[in-house]
Engineer: 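Below you'll find the structure I mean.
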Protein chains: 2
Amino acid sequence: MRRYRVRVGRSGAQPANDEILDSQGGAATLAEAAYRRLRQDIVAGVFAPSQPLRLELLKQRYGLSFSPLREALNRLQTERLVATAPLRGFSVAPVSIEEMWDATETRILIECEALRRSIAHGDDDWEAGIVAAFHALDLQVRRKAAAGGIGDDELIALETRHQDFHRALIVRCRSRRLIDIADQLYVETQRYRLPTLAGQNPAASRDVALEHREIMEATLARRSDEAVALLAAHYRRTSTLVEAYMQNAPAK
Amino acid sequence: MRRYRVRVGRSGAQPANDEILDSQGGAATLAEAAYRRLRQDIVAGVFAPSQPLRLELLKQRYGLSFSPLREALNRLQTERLVATAPLRGFSVAPVSIEEMWDATETRILIECEALRRSIAHGDDDWEAGIVAAFHALDLQVRRKAAAGGIGDDELIALETRHQDFHRALIVRCRSRRLIDIADQLYVETQRYRLPTLAGQNPAASRDVALEHREIMEATLARRSDEAVALLAAHYRRTSTLVEAYMQNAPAK
DNA sequence: AAATATCTTTCTTTCGAAAATATGACATGC
DNA sequence: GCATGTCATATTTTCGAAAGAAAGATATTT
């Protein structure tokens, strides 16, 4: 018997609530589920950069057939996480220091402009969203610091809240494109940032929480130039550390 | 008998030259060919905005099967030319004045930054490329003006050279991402621009060729601020005209 | 008549196999 | 020994059909 649908059992006691998450993370189609899982695994380094992504392997790993996998890989290709050559299949997009800096500087260009516009147009809801996102992020950071280390699930939660905070800053820029490009570049840079978090100094020589707080405060005070400068410095500082890490353990 | 491959007859008298264009425009796979043809047809307005793209229809129109079509549609979705809702298929992305302006302003942000960097880093080859692209564009523009109207093939040639010119300006920006984003936004704005060219005033109240020449001259003279201002004004002027056109013939 | 349930039709999504290509090993000729 | 051609295998790409969901039509109940 085949099992096509991810979302099953609608006729049961449960109401047909679209928000309920199933095992695939709420995806309505297998292709969507494959997209999310593949992206997650690439960013997390489950597949090493430049590694070929053989369809047979993916088929077994995810229990899916060719079609949804190919759809997912095609989408990831346009997002620069997957590389492909005609008739030679797919592979994880390679990494390099140059690409990392390109992603970083492009992100700075996009997000700084988006932040300026958000500061110009932001309303009370926008401010509340920033404060809330910062607080949620801060809680998770403290939890990590208290526990010393961090588990996989907690790392995912931390990363989600980190992205939510940075997105909350720019969400009122009134440009769908700026937000989408920023989201995409977040994932690209995340790929470089995550490996450095794994094998790293516990008490870093850097107070990331403070940087976030300063960005938030300048933003809420509507000091555009200062907020933008802090944001750019924040990203460049991270990338400098990542670069140093990559030079020690190159082409991981 | 099935015919899978686009590129056939390699064993014949012809050398195996990868640059030779076949009927699919040099695509090595059917999925790639489907991607190009679909994009072309969407931009050219063969499919109206918001129109559902039924797979059965596309299958007949392009003589392809589901798989390559779905791959193409998935890629076009991440490029904002196609919209999709899970289990409800694909449709042409809708158009609106707001979206047009968002695409325009984002493009200005990206291309102005890329132009500044190109001016900073450009070498002799870069300058030669700009001059060559401008000349090729100019020839085609004069050809159009001389003939009065323009055929479909000539319009495609004109658009290609137009894109080539604008790309030549920014090609030395040393950022793959800026160039890729600019390419994508070019296609998005092209969608809005093309319909206005079809039903339009012959001798427009605007000398586009002159605008191009001024942009080129400021660029070659390395006057960054002026070049960037001219480029932005160039794009905004076009979009203003497109907006006027759309308000007369809304939601075409 | 209105609301609800059931059926039909239409379309999307997924699968598994078939076809085509690339890759690498092996043999052959120079 | 080196280049060239041929064959076997691994992999991608494509197809056609089957399964599953959505939308609309029809029947049934209140």
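Values below: every heavy atom of this structure, side chains too, minus hydrogens, waters and symmetry copies. By convention in this document, chain letters (A, B, ...) are assigned in the order of the sequence lines, proteins followed by strands, and residues within each chain are numbered from 1.
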Engineer: Could you check which of D:dT12, C:dC11, C:dC15 has an atom nearest any side-chain atom of A:R70?
Structural biologist: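 Looking only at heavy atoms from C-beta outward on A:R70, the closest nucleotide is D:dT12.
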Engineer: How many whole angstroms separate atom CG of A:L57 from atom C1' of D:dT11?
Structural biologist: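 A:L57 atom CG is separated from D:dT11 atom C1' by 13 Å.
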Engineer: Given D:dG16, D:dT11, C:dT12, which nucleotide is nearest the side-chain atoms of B:R54?
Structural biologist: C:dT12
Engineer: Find the distance B:E32:CD to D:dT14:C1' and express it as a whole number of Å.
Structural biologist: 15 Å
Engineer: If you measure from the Lys or Arg side-chain nitrogens to the Asp or Glu carboxylate oxygens, is any gap between B:E56 and B:R61 under 4.0 Å?
Structural biologist: no
Engineer: Does a side-chain N-to-carboxylate-O contact under 4.0 Å join B:R177 and A:E188?
Structural biologist: yes
Engineer: Output the rounded distance in Å from CG (A:L87) to C1' (D:dT11).
Structural biologist: 10 Å
Engineer: Could you say whether A:G89 or A:S67 is positioned toward the 5' end of DNA chain D, judged by the nucleotide with the nearest heavy atom to each?
Structural biologist: A:G89
Engineer: Starting at atom CG of B:L55, determine the distance to atom P of C:dT14, rounded to an integer number of angstrom.
Structural biologist: 12 Å
Engineer: Would you mind classifying the nucleic acid contact of A:L53 as base, sugar-phosphate or nothing, using non-hydrogen atoms under 4.0 angstrom?
Structural biologist: sugar-phosphate
Engineer: Do A:E71 and A:E32 have side chains that get closer than 4.5 Å, going by heavy atoms?
Structural biologist: no
Engineer: In whole Å, what is the span from the CG atom of A:L69 to the P atom of D:dT13?
Structural biologist: 13 Å
Engineer: Among B:F90, B:Y62, B:Y35, which one satisfies side chain to side chain contact (heavy atoms under 4.5 Å, CB included) with B:L69?
Structural biologist: B:Y62
Engineer: Indicate, with a heavy-atom threshold strictly under 4.0 Å, whether A:F66 touches base, sugar-phosphate, or nothing.
Structural biologist: base
Engineer: Could you work out which one of C:dT14, C:dA22, C:dC15 sits closest to the side chain of A:R88?
Structural biologist: C:dA22
Engineer: Would you kindly give the CD-to-C1' distance between A:E71 and C:dC15, to the nearest whole Å?
Structural biologist: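 Those two atoms, CD and C1', are 13 Å apart.
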Engineer: By nearest atom, which of the nucleotides C:dT14, D:dT14, D:dC15 is closest to the B:T29 side chain?
Structural biologist: D:dT14
Engineer: In whole Å, I'd like the distance from the CD atom of A:Q60 to the P atom of D:dT11.
Structural biologist: 11 Å
Engineer: Any salt bridge between A:D102 and B:R176, counting N to O under 4.0 Å?
Structural biologist: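 Not counted as a salt bridge, because no side-chain N and carboxylate O are separated by less than 4.0 Å.
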Engineer: Between A:E56 (CD) and D:dT12 (C1'), how many Å, whole number?
Structural biologist: 11 Å
